[in-house]
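Here the structure comes first, spelled out in structure tokens, and everything after it is commentary.
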Amino acid sequence: MTVAADSATGAASLVQSVDWLAIAPPVIAASVALLVLVADLFVAEHGKPLLGYGAVAGLVAALAMLLPLRAGDRSTFCLTGTTQACSYTADHFALVIQALVLGGALLTALLSLGDTRKLPAGEFWFLLLSSAAGAALLPAARDLATLVVALEVASLPAFALVGIKRGDRRSSEAALKFFLSSVVATAVMLLGVSFVYATTGTMHLTEIAARLDDVPAQFETLAEAGVVLTLVGFAFKTAAAPFHFWVPDTYVGAPLPIAAYLSVVGKAVGFSGIILVTVIAFPSYADVWGPALAVLAALTMTVGNLAALRQSATRARSAVRLLAWSSVGQAGYLLVPIAAAAYSSDAQIGSTVAYALMYAVVNLGAFAVAALVARTHPGNRLGDYRGLYATRPLAALAMGFFLLCLAGLPPGIIGLFAKVTVFSSAVDAGLGWLAVVMAVNVVIALYYYLQWTAALFRTPEPSPASDEAPAAPVHRVPAPVTLAIALTAVAGITLSGAPQLILRFATLSLF
């Protein structure tokens, strides 16, 4: 009887309870994705737009479920026994990043509502929601297996979204390049994960941190290799140099809303992964990943800004290419506080979170205006924006504001404050040389941001001759696109008026 009772007790201890409220945001996004895919089989062609509105409603519901979790004190899928390691934790860091990625997916959906006429609606919305579900899962993941699964759930649908324009050779090439380079990065990351597991015998991040503090000498090199290789996959997602080569062609070949999605949500996924594995799992190897990330930050911001300078106003799709290279440069700034955390404290991570929130709002706004301009100028050259104020004054004012935010100039106060916060994190950590590199790059970026801003208010010029078939004039702006521009503009103005709304994350403990 005693043996039987002990067996029953042991079996009961292995049964884990699931906190459904904690996992509600990604679960809702995934469930709506499946509903949309099934509904597509039964909805007539004229009813396909309803699928898009259903996807928007699902993302709004997922965002709403973050409110009951705002205390940041829920965990689930935890180990039973003496250790309290969990696979899913809805702490403040996870909630902030989930709000960012779900909000970014929502704005992407709004931009896509009026632009899916030539795309398979059911597949498009299913892929977007599936990717958003993976992106929402990743910041809450607290073991390497869940991190890898979440990363791939966020990435695999993105490959298909990039190449979803049927019959478009540029789109297909972009998707193939994105896919092949991502597969290589993922393979390298999985090798690193296997090295870490071989060294520690566990997948949970907190358990890894405890066991890496006392690695036998014969496993030291294996552990260091695992740390470095694990970071490679996440560095690829952030478009950090030299893993950035896929960015310009992918952004140009993808539908514009998907390029916006990759620039914000894809980047948030990568940075979340880097933060989790460095700060939570690998703190004892800060002397390895700290200098590596500092060098990556300097290289990334320099490569991105110098390449952005080379964009010609008459080159086809030069506006999207400039935004693509700009996003590479911005990735360098985002890496600075993470590198600084290796030299000072985990509190520096808040600067990356604050900067990411600012960047998400204004960069999505810039892509929203680019999507608007592309409706009448499919070439989307920088020259097509000259004199935009004469034809669409509100769109020109919004675009000018977004570019000034990215440059860090008034009235884009939030961009300036966010850059100062990142700059201060480098100085406080003793990385003076990195602060100097960042300051130089900020000055370089001023040139192309101000040049584009000035063009918006110049006298219009006739468009250059093009071998493309001219698009039919579009006089009426789709309401969802207008709403996306308005939401991002209002959010940017609000943050510039009250920067403490996001800058407070730079001083809070997020874990």
Side-chain angles (χ1 to χ4, degrees), residues 25-62 101-102 104-138 149-180 182-183 186 237 246 249-266 269 364 367 371 374-375 478 480-481 484:
V27 167
I28 289 175
S31 300
V32 175
L34 293 174
L35 288 174
V36 167
L37 185 63
V38 173
D40 183 51
L41 301 173
F42 303 98
V43 175
E45 193 63 34
H46 63 82
K48 297 294 185 185
L50 294 176
L51 299 177
Y53 290 105
V56 169
L59 289 169
V60 170
V101 299
L102 291 172
L106 176 60
L107 287 169
T108 301
L110 290 175
L111 289 177
S112 304
L113 279 175
D115 199 32
T116 56
R117 297 178 301 278
K118 299 179 181 179
L119 302 178
E123 291 90 332
F124 179 86
W125 296 114
F126 168 74
L127 292 168
L128 179 62
L129 287 165
S130 298
S131 180
L137 171 62
L138 190 139
V149 170
L151 182 65
E152 291 311 299
V153 171
S155 301
L156 290 175
F159 305 147
L161 286 169
V162 170
I164 202 169
K165 292 192 286 187
R166 294 172 179 170
D168 189 321
R169 184 172 61 87
R170 187 183 294 106
S171 177
S172 300
E173 289 180 357
L176 183 61
K177 187 172 187 177
F178 185 25
F179 173 73
L180 292 177
S182 181
V183 165
T186 301
K237 298 301 178 186
W246 57 275
D249 289 342
T250 299
Y251 284 24
V252 168
L256 260 177
I258 300 307
Y261 178 83
L262 292 175
S263 73
V264 171
V265 177
V269 167
L364 283 169
F367 269 102
R375 299 181 74 84
V481 176

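Atom CZ of residue F179 and atom OG of residue S155 lie 11.0 Å apart, to the nearest 0.5 angstrom. Rounding to the nearest 0.5 Å gives a distance of 7.5 Å between CG of L111 and CG of L364. Atoms CG and CD, on L128 and E123 in that order, are 13.5 Å from each other to the nearest 0.5 Å. Atoms OG and CD, from S182 and E152 in turn, are 6.0 Å apart once rounded to the nearest 0.5 Å. A distance of 11.0 Å separates OG1 in T108 from CG in L102, rounded to the nearest 0.5 Å. With rounding to the nearest 0.5 angstrom, the OG atom of S131 is 11.0 Å from the CZ atom of F126.
By the 4.5 Å heavy-atom criterion applied to side chains, L107 and L110 are counted as neighbours. Here the side chains of L138 and L151 are in contact, with some heavy-atom distance below 4.5 Å. Contact check for F124 versus I258: side-chain heavy atoms found under the 4.5 Å cut-off. With a 4.5 Å cut-off on side-chain heavy atoms, S171 and I164 do not count as touching.
Of all the heavy atoms in A30 and A133, the pair that sits closest is N-CB, 3.8 Å. Of all non-hydrogen atoms in V265 and A135, the two that sit nearest each other are CG1-CB, 3.8 Å. When all heavy atoms are compared, the tightest approach of A259 to A254 is N-CB, 4.3 Å. Between A29 and L129, the closest heavy-atom pair is O-CB, 3.8 Å. Between L127 and P157 the shortest heavy-atom distance is O-CB, 3.3 Å. S263 and Y251 make their closest contact through CA-OH, 3.1 Å (heavy atoms, listed as atom of the first residue, atom of the second, distance).
Under the 3.5 Å distance criterion, with hydrogens and angles disregarded, no donor-acceptor pair is assigned to the side chains of S112 and Y261. Side-chain contact of T250 with K177: a donor-acceptor pair under 3.5 Å is absent, judged by distance alone.
With salt bridges taken as basic N to acidic carboxylate O contacts below 4.0 Å, one links E173 and R169.
The one candidate from D249, L161, L262 that meets the side-chain contact (heavy atoms from CB on, under 4.5 Å) condition with F178 is L262.
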Name every donor-acceptor pair, under 3.5 Å, that has one atom in a side chain of residues 45-56 and the other anywhere in the protein, sequence neighbours excluded.
unit_1: K48; atom_1: NZ; unit_2: D40; atom_2: O; d: 3.0
unit_1: K48; atom_1: NZ; unit_2: D40; atom_2: OD1; d: 2.5
unit_1: K48; atom_1: NZ; unit_2: V43; atom_2: O; d: 3.4

